[in-house]
Amino acid sequence: MHSHLHTPYNANCEAIMTALDECHAKGFLHKALGNCNDIKRDVNKCLAAERYERAKQNRDAARENRKRIEKIWADEKAFEQGFSSAPSSVGAEKKH
């Protein structure tokens with residue numbers, strides 16, 4: 001079984017999915033003879049395009065989030081290195 005297709009994520013495919021539902025409602029024989037196949041292919045293409053677009057948006061958001069996190073890590077590392085490389089007055093010997 002597939003998940004429910006009429007979701008907000010697939011709103012751009014609503015008209016094609018409704019057409020497929022109407023085609024299937026014409027009866028088993030109509031559907032079994034392949035009269036709905038072209039509409040089904042169109043639904044699949046539309047859903048794939050919607051899924052691809054969502055995946056692209058998710059990838060872009062993940063890349064931006066990763067850049068932000070890596071900047072935080074770099075800032076923390078620079079802070080730690082700057083803190084650890086600061087000269088310490090405790091135990092320092094004077095050289096003449």
Connecting only ILVMFWY residues whose side-chain heavy atoms lie within less than 4.5 Å of each other, what is the rest of F28's hydrophobic cluster?
none
Residues two or more places apart in sequence or in another chain: which of them pass side chain to side chain donor-acceptor pair (under 3.5 Å) with E50?
N12
N/O donor to acceptor pairs below 3.5 angstrom from side-chain atoms of residues 51-59, sequence neighbours left out:
residue : atom : partner : partner atom : Å
K56     : NZ   : D60     : OD2          : 3.4
N58     : ND2  : R54     : O            : 3.4

What distance separates L20 CG from N37 CG, expressed to the nearest 0.5 Å?
9.5 Å
Minimum heavy-atom separation for L47 and C13, please, with both atom names.
N-SG, 3.8 Å
How long is the straight-line distance from CD1 of I39 back to NE2 of H24, given to the nearest 0.5 Å?
8.0 Å
Residue pairs passing the salt bridge (charged side-chain N to carboxylate O under 4.0 Å, His left out) test with at least one member in residues 27-39, sequence neighbours excluded, are D38-R41
Please list every donor-acceptor pair under 3.5 Å in which a side-chain atom of residues 68-78 meets a protein atom from a residue at least two apart or in another chain.
residue : atom : partner : partner atom : Å
R68     : NE   : N65     : OD1          : 3.4
R68     : NH2  : N65     : OD1          : 2.6
E70     : OE2  : R66     : NE           : 2.8
E70     : OE2  : R66     : NH2          : 3.4
K71     : NZ   : D75     : OD2          : 3.0

Non-neighbouring partners of N35 that pass side chain to side chain donor-acceptor pair (under 3.5 Å), sequence neighbours left out
H30
